[in-house]
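Working notes for the structure below.
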Amino acid sequence: MHVLLAILSGILFAAGVWLILRRSLARLVLGLILLSQAANLVIFTSGGLHRAAPPIVGENATALEAPYADPLPQALILTAIVISFGLFAFFLVLIKRAHQETGTDDIDAMSEVET
Amino acid sequence: MNLLIVLPVLLPLLTGVGTLLLRSSTRIQHVVSITGSAGFLASAILLLVRLRDGGILAVQLGNWPAPFGITFVADLFSALMVLLTAVIGFTVALYSIAAIDLPRIRYGYHPLLHFLLMGVSGAFLTGDMFNLYVWFEVMLIASFVLLVLGGEKAQFAGAVKYVTVNLLASMLFLIGAGVLYGKTGTLNFADLAFKLAQNPEPALVNTSAILFLVAFGIKAAVFPFFFWLPDSYHVPPAAVTALFSGLLTKVGVYALMRTFSMIFIHDMDFTGPLFLVLAGLTMVIGVFGAVAQGEMKRLLSFHIVSQIGYALMGLGIFTQLALSGAIYFTLHVAIAKAALFFVVGYVARRRGHTNLARLGGLLRESPLVAVLFLLAALSLAGLPPFSGFFAKFTLIKAGLEASQYAIVAVALLVSMMTLFSMTKIWNEAFWKDAPERMDTDARVPAPYLQAGDKWLYILPIILLVGITIVMGLAAEPILQMTGRAAEQLLDPAPYIRQVLGRMP
Amino acid sequence: MEMLLPIVLTLLAAALSPLLRHISGRWGGWIASVLPAGLFVFFLSQLPTVQAGGERTFSVTWIPSLGISLAFRLDGLSLLFALLIAGVGTLVVIYAGGYLGGHPHRGRFYAFLFLFMSSMLGVVLADNLFLLFVFWELTSVASFLLIGFSHEKEEARRSALQALLITGLGGLAMMAGFILIAIAGGTSEVSELLSRGDLLRSHELYLPALLLLLLGAFTKSAQAPFHFWLPGAMAAPAPVSAYLHSATMVKAGVYLLARLNPALGGTDEWHYLLTLAGGATMVIGALLAGPQTDLKRLLGYSTVSALGMLVMLIGLSTDLAAKAALVFLVVHSLYKAALFMVAGTIDHETGTRDVRQLHGLMRVMPFTAIAAVLAALSMTGFPPLLGFIGKELMYEAKMQAPSASLFLLIAGVLANAVNIAVAILSGMRPFIGRGKHHPAQAHEGTLTLWLGPLILGLSGLLLGLFPDLIGIPLIEPAVRSVRAEHVDVDLALWHGINPVLLLSILTIVVGVVLYLLRHRARDASARLRVPELLLPGGVYRRMIAALPAFSGRLVGVIHNGNLRSYLFTIITVFLILAARTFVDLADWPVLSRLGDVEFYSVGLVVLMIAATLMVVASRTRLAAVAALGVLGFGIAALYVIYSAPDLAITQILVETLTVVIFLFVIRHLPRFGERSPRPTQFRDGVIAVLSGTMVALFSLKASGVQMDSAISSYFAENSVPAAYGRNVVNVILVDFRALDTLGEATVLAVAAIGVYAMIKLRKHHGRRAG
Amino acid sequence: MNALILRISARYLSPILIGVSVLLLLRGHNDPGGGFIGGLLAASAMSLLALAHGTASARRSLRVDPRTLIAVGLLLALTSGFPALFGGREWLTGMWTLPELPLIGAIPLGTPLWFDVGIYISVVGFTLTIVFALSENDEEEAV
C-alpha cells in the first residue's frame with residue numbers, strides 16, 4: 001500500500017506543480033492546496049501504515065498495545081492541516097481581493113502591475 | 001524551571017493578545033506594545049547575559065524529557081539572534097507609533113507585529129524540527145498580513161508572489177520534516193544529530209537536506225530563490241519593511257546555519273562549495289539589482305539579498321572565524337538595514353515618495369536624518385569604524401585564511417558596488433538640490449510632521465545607528481560572543497549533551 | 001598615551017566644529033588653527049627623541065580577535081609626515097577661515113577637515129596594519145565629504161564619488177593584501193612585520209599580497225591608470241586641494257610604500273612594479289598637465305606627476321633614492337600647498353581660474369604674488385630654493401639606479417621640464433605682464449588668504465638656504481625608517497659642477513622653452529586628442545554611466561517580475577540539486593512490496609487520482625472545487641482506514657470549510673482557460689512529472705526505512721499514567737507538544753486578522769505614506 | 001421555502017451542534033475530538049445561523065466580536081501553562097487534580113483541558129471572523 005500512496009503523493013505533487021505554473025489565480029490556490037495534501041500524505045505514509053489500530057488506549061489498559069498506528073505523525077499532520085487551513089483561508093481571500101484591486105486573475109498580467 | 005528562555009516567545013504572545021483584546025483604543029495599544037517589546041528586550045538581554053560565556057540552556061517544555069516533548073534550547077547563537085529580534089522589535093514598535101497610520105493600527109497592526117516577533121523568537125529558540133516549522137508559519141502568516149494590511153493595489157500584487165513562493169517553501173519544509181521523522185523517528189535537533197551521527201543514511205538524509213536547503217534558501221532569499229523579496233518588500237510601510245528585512249530572511253539564514261552545522265553534515269563536500277557558489281551569486285545578483293534601482297525601498301530591498309550572500313559565505317567557508325563573521329554580519333546587517341528603512345520611511349513621510357530622481361535637498365532640510373543615513377549607509381557599505389567593516393573584515397579574513405580566494409574577490413567587489421549604490425542614494429536624495437518644482441506625490445496629504453512625531457521617527461534611527469557604531473567600536477566583546485557561538489556550532493556535542501543528557 | 005592624544009583631540013575638534021559658527025564669526029579660522037598649531041609644536045618637541053634614534057610608542061588592545069590593536073608608533077618617517085600634516089594643516093585651517101568667509105556651513109567644513117586630519121594622523125602613526133587601514137578608509141570618507149562640500153554642484157558630487165570609488169576600490173584590495181601579509185608574517189603589528197622582511201619576501205603569498213597592497217597605495221596616490229580622480233577632485237574648495245591633494249592624503253600611498261619598504265621592498269617585483277608605475281605616472285601626469293588652462297587642474301596634473309616621481313624613487317630602493325624621495329616629498333608639499341592656496345585666492349578674488357584670463361596681478365595682489373613666485377621657483381628647482389636640492393638629489397638617485405637609469409633620467413627630465421612650464425604658468429604668469437591687470441575687479445585677499453602661501457613659500461627659501469635645518473633632524477631619521485638602517489643625510493646647495501647640475505640646468509632650459517611654446521603644444525595636443533574612451537577616466541565614466549543600465553538588463557533577465565518563472569526556477573533548481581541523490585533514492589526493490597494492498601484502498605486511490613485529474617483538467621470553477629472536495633474526503637477516508645480518526649474528522653471539517661470559503665471567493669473570478677502556449681505547457685508538464693516522481697520516490701524510500709519508535713512508544717506508555725488521556729493524538733496536541741498547538745492557534749488568529757482586514761480595510765478608509 | 005427550511009433547521013440544529021461540539025471538546029482527551037474539532041463544529045453551527053438569519057443577527061446572538069474570542073482563546077491557552085510556573089515547573093507542564101465528584105467519581109481535571117478550551121474558543125473566533133466577514137462582504141456586494 002505504501003507504493004500506491006507514494007504514487008498518489010507523487011501525482012498530487014505533480015498536479016500541484018502543474019497548477020501553480022498556470023496563469024490563473026484560482027488554479028494557483030488549487031495547486032498549492034494539492035501540494036499541501038501531497039505533503040501530508042508523504043508524512044502519513046512515511047510514518048507507517050496500520051489498519052484498525054488507532055492510537056487510543058483501551059478502557060482498561062494503561063498503554064497502547066502493539067501494533068498501533070504511530071500517533072506522532074498524526075498529530076503533526078493535524079497541526080499541519082490546521083495551519084494550512086489558516087493559510088489557505090487567508091490566501092483565498094487574498095486572491096479575491098487581488099483580483100478586485102488589479103482587475104485581473106491572470107498572474108502574468110498581475111506581475112506587470114506596477115508594484 | 002527556567003522561564004527566561006520561554007519569555008521571548010511568551011512576552012510577544014501576551015503583548016499580541018493584549019493589543020488584540022484592547023484594540024478599541026489606539027493609545028492603549030501603543031502603550032501595551034511599547035511596554036511589551038521593552039519587556040521582551042529586557043528578557044533577551046538577560047538571556048544573553050546568562051549565556052555570554054558560552055553556556056547552553058535547554059528547557060523541556062511541559063516537563064517531558066527530550067526527545068519526547070518540545071525542547072527549547074538557547075546557545076549563544078540563539079541568544080544573540082533573540083536579542084536582535086528584540087532590538088528590532090522594540091525600535092519598530094517605537095517607530096510605528098508615528099509612522100503607522102490609524103486604519104492599520106485599528107485593523108490589527110500591533111498584534112501582527114508581536115505575533116511576528118513571537119514566531120521569530122520561537123524559530124531561534126526551538127530545538128525541534130517540527131516546532132521550527134510551526135514558528136516559521138507563525139512568522140510567515142504574520143508577515144503575509146502585514147504585507148497586505150492597508151489594502152493598496154500594489155500590496156496585493158506583491159503579496160500574491162510573496163505568499164505563493166513562501167507557501168511552496170513551507171510545503172518543501174514540511175515534507176522534509178515529515179520524512180526526517182519517518183526515517184529517524186525523532187524531531188529533536190540534538191537527537192537528530194546524535195542519531196544521524198551514529199547511523200547516517202546518505203541518500204535519504206541528503207535528499208532531506210536538499211529539501212531543507214531549498215526551503216530555508218527561499219526564506220533567506222538566496223539566489224536563485226530570492227525573487228519574491230524585491231517584488232514585495234517595498235510595498236508595505238517602511239516600518240514593516242524594516243521589520244522584514246531585519247528579521248525574516250535572518251530566520252532563514254539561522255535555520256541554514258543551525259541545520260547545516262549540526263544535522264546535515266554528511267555531505268559537506270557538496271554543500272560547502274554549493275553554499276559558496278550560491279553565496280557569490282546571491283551577492284552579485286543582489287547588488288546588480290540594487291544598482292539598477294532608482295527607488296530607495298527597492299534599492300535597499302535588493303541589498304538585503306546581496307547581504308544574505310555574505311552570511312552564506314561564512315557558512316560555506318565553515319571555519320570558526322567564518323561562522324563568527326557570518327553571525328556578526330547577520331546582526332550588523334539587520335540593524336543597519338532597519339535604520340536605513342526607517343530613514344526611507346521618514347523621507348516618504350516628508351515627500352510622499354522615495355523616488356531618487358525626484359528627491360533632493362534632504363541634507364538642507366533634515367541634516368540630522370541625513371547624518372544618520374550616512375552613518376548607516378557607510379556601515380552597510382563596510383567602511384570603518386562601523387559594524388559593517390568589522391563584519392566584512394572578519395569574513396574576508398576567514399576566507400583568505402581558508403584560501404577561498406574566489407569568494408573573497410567577489411565579496412570585495414560587491415562591497416565596492418554597495419558603496420556605490422549607497423552613495424548614489426546620498427548624492428541623489430541628500431546632496432542634490434531638490435528639483436525646481438517640489439514634486440510631491442499629489443495623492444498624499446501635505447507632508448507635515450508635528451515636532452513630537454518627528455522625534456518618534458528619529459529616535460529609533462538614532463538607537464539603531466548608535467548600535468551599529470557601538471558594535472563597531474566595541475567589536476571585540478561581540479566578536480568574543482560570536483566566536484564562542486561559532487565554536488558551539490562547530491562542536492554540537494555540548495548542545496546534544498545539554499538537551500539529551502548523553503552523548504554519541 | 002601622548003600618541004593617542006593628537007588623534008583624539010582632532011576628532012573631538014571635528015565633533016565640536018559645527019558649533020564654531022555660533023561662537024566665532026570671522027575669527028573661526030584663527031580659533032580653529034590653535035589645535036593644529038599646538039600639534040605642530042608637539043611634534044616638533046618630539047624631534048630630539050626621534051633624531052637620537054628613539055621612538056614613541058603606545059599600544060592597547062582593541063580587537064584582538066581580528067588582530068587589530070590600537071598600536072601607535074612615532075619614528076622618523078611618521079614624524080616627518082605628522083609635521084607636514086600639522087604644519088600645512090595649521091596654514092590651511094587659517095586659510096579656510098578667509099576662503100569660506102561667512103559660508104553658512106563652515107562649521108561643517110571644519111568638522112570634515114578635522115576628521116580628515118585626525119584620520120591622516122592615524123594613518124601615519126598607526127603601528128598596526130589594520131588600524132592603519134581603518135584610518136586609511138576614514139581619510140577616504142573625509143575626502144568624499146570635503147570634495148563634495150559644494151554639493152549643490154553636480155560636478156562636486158560626481159568628483160567626490162569618483163574619488164571615493166577609486167580609492168575605495170584600492171582600499172578594499174589593500175585590506176585583502178594586509179590580511180595576506182598578516183597571515184604570511186604571523187602578525188599585524190607593523191614594527192614586527194618590518195623585522196620579518198625575509199620571511200615575508202619568501203612567502204608564497206608575497207606576490208598576491210604585494211599586488212593587492214599596491215592597488216591600494218596606487219589608487220590613493222593617484223598612480224596611472226587610477227590618476228584621473230585627482231584632477232577630477234579639483235572640484236573641491238581650494239583649502240581641500242591645498243591640504244589633501246598636495247601635502248597629505250595623496251601622499252598616503254607613498255607613505256605606505258616607504259613604511260613597508262623594509263618588510264616588502266628590495267625584491268625585483270617591488271622594484272619593477274614601483275618604478276614602472278611611478279615612471280609612467282610621472283610622464284603621463286606631465287603630458288596631461290600640458291594642455292590644461294585651469295589653474296587648479298594644472299596643479300592637479302602636476303601633482304600626479306610628482307606622485308609618480310615619489311613612487312618611482314621608492315621603487316629604486318637605494319639609500320640615495322630614499323633620501324631623494326623624502327626631500328622631494330617635503331619640497332613638493334610646501335610648494336604645491338602654497339600654489340593651491342594661491343590658485344584659490346586668485347579664484348576667490350578674481351572669479352576665474354583660467355590662466356589665459358589672468359595677468360598683471362602683481363600690483364594688486366603683492367603678498368600673494370611673492371608667495372606664488374617663491375613656490376613656483378621651488379617647483380622649478382631653481383637655486384637657492386629647497387626645490388633645487390630636491391631635484392639634484394632626484395637626478396643623482398636616478399643616475400645611480402640599479403637598472404634603466406638612462407630611461408628614467410630622460411623621463412625625469414621631460415616630466416620636470418613640463419612641471420617647470422606648469423610652475424611658470426600657474427605661479428608666475430598670472431602676476432606678471434605689462435598694462436592693466438586682469439580681471440579688472442581683482443584685489444588682494446585678506447591676511448588669512450595670503451599668510452599661508454607666504455609662509456610656505458618662504459620656508460622653501462629658508463630651507464633651501466639652510467638645508468641642515470631639516471636634513472639631519474628630520475630627513476635622516478625618516479630615511480632610517482625607510483631603509484631600516486642609518487644613512488647619512490648631508491644636504492647642500494652646491495656640489496660643484498657635475499652631471500647633475502648640468503641636468504638641472506638643461507631641465508630649466510627645456511622647461512622655459514616649453515612654456516614659451518605652450519600655445520603650440522596646446523594646439524598640438526588638441527589635434528592629438530585621444531578618444532576619451534581610451535583614457536582611464538573615460539573608461540571609468542563609461543562604466544559608471546553604463547552600470548545601472550547594464551544591471552537593469554542583467555537583473556531583468558534573472559528577475560523578471562513574473563511569479564510563474566520564479567516558481568519554475570525554484571522547482572527546477574530543486575530538481576537539479578536533488579538529482580544528485582535521486583539515483584540513490586530509486587531503490588527499486590521496494591516496489592516488490594506491492595503485495596499488501598486492499599481492494600477498497602485501491603479503489604479509493606483510483607478515485608482520488610481521478611479527482612486530482614479533474615482538478616487539473618477542469619475548466620469550470622465549480623467542478624474543480626467539487627473535485628477538490630472529493631479528493632479531500634478521499635484523504636479523510638484513507639485516514640479512517642489507516643487508524644487516524646482525529647485526522648479524518650479534522651480533514652472533513654477543514655475540507656468543508658475550505659470549500660465554503662472557496663465558494664465565497666471563486667464566484668467573482670473568471671473561468672480558467674489555459675493561457676500558456678504549447679511549449680510552455682510541455683515544459684511545465686515535464687517539470688511537474690519530474691517533481692512528482694521525485695516526491696513519490698522520496699515517499700517510497702522514506703516509508704521503507706525502519707524507523708526508531710522510541711518516541712511513539714514513550715507516548716504509548718505515558719499517555720494514560722502521566723497525562724491522563726487515552727486519545728494519544730490529543731494528548732500530544734494538548735500536552736506533549738502543546739507548544740505546536742499554541743503556535744497553530746496563533747497562525748489561525750493571525751489569518752483571521754488578515755482576512756478581516758483585507759475585507760474591511762479598503763483604500764477609501766484613508767491612508768498615508770510611510 | 002428553502003429559506004424557511006434553513007431557518008427552522010438552523011434553529012433546532014445549531015444548539016444541538018453546539019452541544020455536540022462541547023461534548024467533543026470535553027471527550028477529546030480520551031476519544032477522537034478535542035478543541036480544534038469541537039471549535040470547528042461550533043463555528044459551523046454559528047455559521048448556519050448566519051446563513052439562515054443574516055450575519056447581523058448571528059453577530060448579535062454571539063454578543064462578542066469573534067476577534068475578541070480569538071484573543072480570549074489564546075489567552076486561555078497560554079495561561080494554562082502558568083499554574084506550572086507557580087509549582088516551579090516548566091511552562092505548559094500539565095497540572096492535574098483528581099476531585100471526587102458525586103455520581104461520576106474521581107475525574108482528572110488538568111490544565112491541558114484548560115488549554116484545549118482555549119484552542120476551542122480561538123478556533124470558534126477564527127472561523128467566525130472569517131465567515132462573518134465574508135458573508136457580510138457578500139451581503140454588501142449583493143446590495
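Chain letters run A, B, ... following the sequence lines, proteins first and then strands; every chain starts at 1.
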Can you check whether Met758(C) reaches Phe156(B) side chain to side chain, under 4.5 Å on heavy atoms? yes
Where do Leu383(B) and Glu137(C) come nearest, in terms of heavy atoms and distance? CD2-OE2, 3.3 Å
What part of Arg364(B) gets within 4.5 angstrom of chain C, counting heavy atoms only: side chain, backbone, both, or neither? side chain
Is the ring pair Phe68(B)/Tyr714(C) parallel, tilted or perpendicular, if the boundaries are 30 and 60 degrees? parallel
CD1-CD1 distance between Ile285(B) and Ile558(C), expressed to the nearest 0.5 angstrom: 3.0 Å
Which atoms form the tightest heavy-atom contact between Glu137(B) and Val747(C), and what is the distance? C-CG2, 4.0 Å
Leu169(C) versus chain B, the contacting section by heavy-atom distance below 4.5 Å: both
Answer with yes or no whether the side chains of Asn718(C) and Trp64(B) bring together a donor and an acceptor at under 3.5 Å. no
Interface check, chain C: of Pro384(B), Pro65(B), Ala381(B), most non-hydrogen pairs under 4.5 Å belong to Pro384(B)
If we only count heavy atoms from C-beta on, is the Leu563(C) to Trp228(B) side-chain gap below 4.5 Å? no
Apply side chain to side chain contact (heavy atoms under 4.5 Å, CB included) to residues Leu20(B) and Ile753(C) and explain how you reach the verdict. CA-CA 9 Å; Leu20(B) 187 59; Ile753(C) 295 174; 3.9 Å; yes
Does some side-chain heavy atom of Phe698(C) sit less than 4.5 Å from a side-chain heavy atom of Ser208(B)? yes
Rounded to the nearest 0.5 Å, how far apart are NZ of Lys392(B) and CE of Met175(C)? 8.5 Å
Which atoms of Thr569(C) come close to chain B, meaning under 4.5 Å heavy atom to heavy atom: side chain ones, backbone ones, both, or neither? side chain
Within the 4.5 Å heavy-atom criterion, are Leu547(C) and Phe288(B) side-chain neighbours or not? yes
Does any heavy atom of chain B fall under 4.5 Å from the side chain of Val134(C), the backbone, both, or neither of them? both
In terms of heavy-atom pairs under 4.5 Å with chain B, the winner among Leu165(C), Val573(C), Ile183(C), Leu567(C) is Leu165(C)
Does a donor on one side chain sit under 3.5 Å from an acceptor on the other, for Asp231(B) and Tyr566(C)? yes
Side chain, backbone, both or neither: which part of Phe130(B) has a non-hydrogen atom closer than 4.5 Å to chain C? both
To the nearest 0.5 angstrom, please state how far the CG atom of Leu66(C) sits from the OG1 atom of Thr394(B). 4.0 Å
Smallest heavy-atom separation, Ala578(C) atom then Ile210(B) atom, equals N-CG2, 3.9 Å
Answer with side chain, backbone, both or neither: which region of Asp128(B) has an atom nearer than 4.5 Å to a non-hydrogen atom of chain C? side chain
Atom of Gly185(B), atom of Ile711(C) and distance for their closest heavy-atom approach: O-CD1, 3.2 Å
Kindly indicate whether the side chain of His151(C), heavy atoms from C-beta on, has any atom under 4.5 Å from the side chain of Lys432(B). no
Within the 4.5 Å heavy-atom criterion, are Leu577(C) and Leu274(B) side-chain neighbours or not? yes
Per-residue contact mode, Leu168(B) against chain C (heavy atom under 4.5 angstrom): side chain
Using non-hydrogen atoms and a 4.5 Å limit, figure out which bit of Phe715(C) sits close to chain B: side chain, backbone, both or neither. side chain
Scanning both residues in full, the closest heavy-atom pair of Val138(B) with Gly743(C) reads CG2-O, 3.4 Å
Which bit of Pro111(B) is near chain C, if near means a heavy-atom gap under 4.5 Å: side chain, backbone, both or neither? side chain
Winner by heavy-atom pair count (cut-off under 4.5 Å) against chain B, out of Arg158(C), Arg108(C), Arg737(C): Arg737(C)
Which atoms of Glu744(C) are under 4.5 Å from chain B, going by heavy atoms: the side chain, the backbone, both sets, or neither? backbone
Among Val148(B), Leu140(B), Val179(B), the residue with the most heavy-atom pairs under 4.5 Å to chain C is Val179(B)
If we only count heavy atoms from C-beta on, is the Ile68(C) to Phe390(B) side-chain gap below 4.5 Å? yes
Please examine the side chains of Leu374(B) and Leu145(C), heavy atoms only from C-beta on, and report whether any two atoms are closer than 4.5 Å. yes
Can you check whether Phe144(C) and Trp431(B) have ring centres sitting under 6.0 Å from each other? yes
Based on non-hydrogen pairs under 4.5 Å, which of Asp267(B), Leu180(B), Val17(B), Ile175(B) is most in contact with chain C? Asp267(B)
Once rounded to the nearest 0.5 Å, what's the spacing between atom CG of Leu739(C) and atom CD1 of Ile70(B)? 5.0 Å
Trp62(C) side-chain N/O to Ala475(B) backbone N/O, donor-acceptor pair under 3.5 Å: no
I need the single residue from Leu146(B), Leu116(B), Val145(B) that forms a side-chain contact (heavy atoms from CB on, under 4.5 Å) with Val750(C). Which is it? Val145(B)
Measuring from atom CG of Leu211(B) to atom CE of Met694(C), what distance do you get when rounded to the nearest 0.5 angstrom? 7.0 Å
Does any backbone or side-chain atom of Ala182(C) lie under 4.5 Å from a heavy atom of chain B? Answer side chain, backbone, both or neither. neither
May I ask you to name which of Leu400(B), Leu13(B), Leu479(B) has the most heavy-atom pairs under 4.5 Å with chain C? Leu400(B)
Correct closest heavy-atom pair for Gly561(C) and Lys161(B) would be O-NZ, 2.7 Å
Taken to the nearest 0.5 Å, the spacing of Ile141(B) CD1 from Leu748(C) CG works out to 9.0 Å
Would you call the rings of Phe302(B) and His559(C) parallel, tilted or perpendicular, taking 30° and 60° as the class edges? perpendicular
Kindly assign one of parallel, tilted or perpendicular to the pair Phe393(B) and Phe130(C), based on the angle between their ring planes and the thresholds 30° and 60°. perpendicular
Of the listed residues (Gly62(B), Pro230(B), Gly122(B)), which shares the most heavy-atom pairs with chain C below a 4.5 Å separation? Pro230(B)
If we define contacts as heavy-atom pairs under 4.5 Å, which of Val214(B), Leu213(B), Leu61(B), Thr354(B) has the most with chain C? Val214(B)
